[in-house]
Amino acid sequence: MPLFNDIFGLSHQVAVVTGAGSGLGRIFSYALAEAGADIVIIDINPTGLEETAAHVRSLGRQVHSFTADVADEGKVAAIFAEIERNIGPVDILVNNAGIGEAFRGMIHEYPTEDWQRMLNINLNSVFYCSREVLKGMHLRRKGKIINISSIWGLVGGGFLNAGGYATTKGAVVNLTREMALEYAPHNIQINAICPGFHRTGLGTNDPDFVRLMESHTPAGRIAEPSELQGTILYLASSASDFMSGSIIAVDGGFVAQ
Ligand SMILES: NC(=O)c1ccc[n+]([C@@H]2O[C@H](COP(=O)([O-])OP(=O)(O)OC[C@H]3O[C@@H](n4cnc5c(N)ncnc54)[C@H](O)[C@@H]3O)[C@@H](O)[C@H]2O)c1
């Protein structure tokens, strides 16, 4: 299908996905590889990374793995320098790595250590990875960055007592807008996806949690990670070349309520 490939194909492109050792990051890596991109995967969990890498390889694409904490600024800088030096210019970055809320309580009880950890992993890592990749994209005047926020980036954490998580995901939404404005004149498109509840390790192994989420979702169900594949391909490909600073909810109607 030439038209399909012209619009959505990613041959000869290099895509970096953080948090690719499980869940959504794994599915994003598979989708980008299926569309023809070579993949660089980063995760703190080496076992998960190896599973993702094996499947990407089976799709006939090149894959390079880095075990690292994306909240470690120095390590992030070293990895992106190595990618540009030894693998190739990065065309696509998916800032996906993230953690759920460890502390479920009100802000007046929130421990500083948990708060800082949340900011470091869910927000600062997006800044660190974007800053490094933009150094090259900016010179080449070409690139796509896709930030994975959440429905909790669009509304407060409310019934989940997810105040720290919602704070970081809201900041990711506005960091997306800020970067989009700065880099749109340089032909770099930067957008965010705000997923609703998808079945991954992030809490959805608990049947009570799933029932709670279903009851708050107009579609009446949570989603499979594969239901985000189309959105990631859209934002990673030339299909979205005139789109920047957009915040796309994929949430079974959650934020429309
Ligand atoms: N699953 C959902 O319903 C949902 C909804 C909205 C947003 N999100 C967001 O999607 C992203 C992926 O979540 P998921 O559901 O796939 O969760 P997950 O726990 O399955 O995957 C997260 C991955 O990130 C990695 N990771 C965590 N901290 C890291 C760090 N410091 N450095 C490097 N890697 C790290 C983990 O090892 C894991 O492989 C997160 O940003 C999450 O907030 C998920």
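Both counts, for ligands and for their atoms, begin at 1 and track the order of listing. Worth knowing before you read on, the calculation uses all heavy atoms, side chains too, and leaves out hydrogens, waters and symmetry mates.
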J.: Does this structure show an ion pair linking Glu227 with Arg199, if we count only N-O contacts that are shorter than 4.0 Å?
T.: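 Result for this pair is no, no salt bridge flagged.
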J.: How about Ile232 and Ile146: do any of their side-chain heavy atoms sit closer than 4.5 Å?
T.: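 Yes - at least one pair of side-chain heavy atoms lies under 4.5 Å apart.
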J.: So is Pro225 touching ligand 1 or not, going by heavy atoms under 4.0 Å?
T.: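 Checking ligand 1 against Pro225, which is what was asked, there is no heavy-atom contact under 4.0 Å.
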J.: Where the closest heavy atom to atom 42 (C) of ligand 1 is concerned, which of Trp152, Tyr165, Phe66 has it?
T.: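 Answer by nearest heavy atom: Tyr165.
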J.: Using 30° and 60° as the class boundaries, would you call the ring planes of Tyr234 and Phe8 parallel, tilted or perpendicular?
T.: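 Taking Phe8 first and then Tyr234, their aromatic rings sit tilted (interplane angle of 30° to 60°).
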J.: Where the closest heavy atom to atom 33 (C) of ligand 1 is concerned, which of Gly153, Ala68, Ala223 has it?
T.: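 It is Ala68 that holds the nearest heavy atom.
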J.: Give the atom numbers and elements of ligand 1 that come within less than 4.0 Å of a heavy atom of Gly201.
T.: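 It comes down to these atoms of ligand 1: 20 (O).
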J.: As a check for students: among Thr200, Thr47, Leu228, Asn96, identify the option with a heavy atom nearest to atom 14 (P) of ligand 1.
T.: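 Among Thr200, Thr47, Leu228, Asn96, the closest heavy atom to atom 14 (P) of ligand 1 comes from Thr200.
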J.: Could you tell me whether Ile99 and ligand 1 have an N or O pair separated by under 3.5 Å?
T.: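 There is no such contact.
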J.: Which label fits Phe254 and Phe197: parallel for a plane angle under 30°, tilted from 30 to 60°, or perpendicular past 60°?
T.: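 Perpendicular: the ring planes of Phe254 and Phe197 meet at over 60°.
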J.: How does Arg199 reach ligand 1, if at all, at less than 4.0 Å between non-hydrogen atoms: by side chain, backbone, both, or neither?
T.: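 No part of Arg199 comes within reach of ligand 1.
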J.: Measuring from non-hydrogen atoms of Ser149 to any atom of ligand 1, is the shortest distance under 4.0 Å?
T.: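 Distance cut 4.0 Å: Ser149 passes for ligand 1.
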J.: Show which atoms of ligand 1 fall inside a sub-4.0 Å distance from at least one heavy-atom site of Gly23.
T.: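 Per the distance check, 16 (O), 20 (O).
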J.: May I ask you to check whether Gln189 and Asn187 show a side-chain donor-acceptor distance below 3.5 Å?
T.: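 Distance-only check passes for Gln189 and Asn187.
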J.: Using a strict cut-off of 4.0 Å, indicate which atoms of ligand 1 neighbour a heavy atom of Leu24.
T.: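 Ligand 1 atoms under the 4.0 Å threshold to Leu24: 10 (O), 16 (O), 44 (C).
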J.: List ligand 1 atoms under 4.0 Å from Pro195, heavy atoms only on the residue side.
T.: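 Every atom of ligand 1 under 4.0 Å from some heavy atom of Pro195: 5 (C), 6 (C), 7 (C).
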J.: Do any pairs count as a side chain to side chain donor-acceptor pair (under 3.5 Å) and have a residue in residues 246-257, sequence neighbours left out, and if so which ones?
T.: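 Listed once each, the pairs would be none.
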J.: Hey, is ligand 1 close enough to Asp69 that some N/O pair sits below 3.5 Å?
T.: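 The answer is yes, given that Asp69 and ligand 1 share an N or O pair closer than 3.5 Å.
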J.: Taking the side chain as C-beta and beyond, is there a heavy-atom pair between Tyr30 and Thr52 under 4.5 Å?
T.: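 Side-chain contact under 4.5 Å: yes.
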J.: Looking at ligand 1, does any of its N/O atoms fall within less than 3.5 Å of an N/O of Gly25?
T.: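 The answer is no, given that Gly25 and ligand 1 share no N or O pair closer than 3.5 Å.
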J.: Near Phe197, which atoms of ligand 1 are under 4.0 Å from a heavy atom of that residue?
T.: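 Once the distances to Phe197 are compared, the set is 3 (O).
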J.: Output yes when the distance from some N or O of ligand 1 to some N or O of Ile151 is under 3.5 Å, and no in every other case.
T.: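 No, there is no polar N/O contact under 3.5 Å.
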J.: So, 4.0 Å and heavy atoms of Lys169: is ligand 1 close enough to count as a contact?
T.: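 Heavy atoms of Lys169 do come under 4.0 Å of ligand 1.
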J.: Run the side-chain donor-acceptor check on residues 151-164: report pairs under 3.5 Å with partners two or more places apart or on a different chain.
T.:
none

J.: Salt bridge or not between Arg117 and Asp114? Use side-chain N to carboxylate O under 4.0 Å.
T.: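 Result for this pair is no, no salt bridge flagged.
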J.: Is the shortest side-chain heavy-atom distance between Leu228 and Pro195 below 4.5 Å?
T.: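 In contact.
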J.: Do the two ring centres, one from Phe80 and one from Tyr128, sit under 6.0 Å apart?
T.: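 Not under 6.0 Å, so no.
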J.: I'd like to know if the side chain of Asn174 pairs up with that of Arg177 as donor and acceptor (distance under 3.5 Å, no hydrogens or angles considered).
T.: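 Short answer, yes.
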J.: Under a 4.0 angstrom heavy-atom cut-off, which atoms of ligand 1 come close to Ile44?
T.: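 Those qualifying, in numeric order: 32 (N), 33 (C), 34 (N), 35 (C), 37 (O).
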J.: Looking only at non-hydrogen atoms, which of Asp43, Thr18, Ile41, Ile148 approaches atom 36 (C) of ligand 1 most closely?
T.: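 Looking at heavy atoms only, the winner is Asp43.
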J.: Tell me the nearest of Gly19, Gly21, Ala20, Gly98 to atom 27 (C) of ligand 1, using heavy-atom distances.
T.: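 Looking at heavy atoms only, the winner is Gly98.
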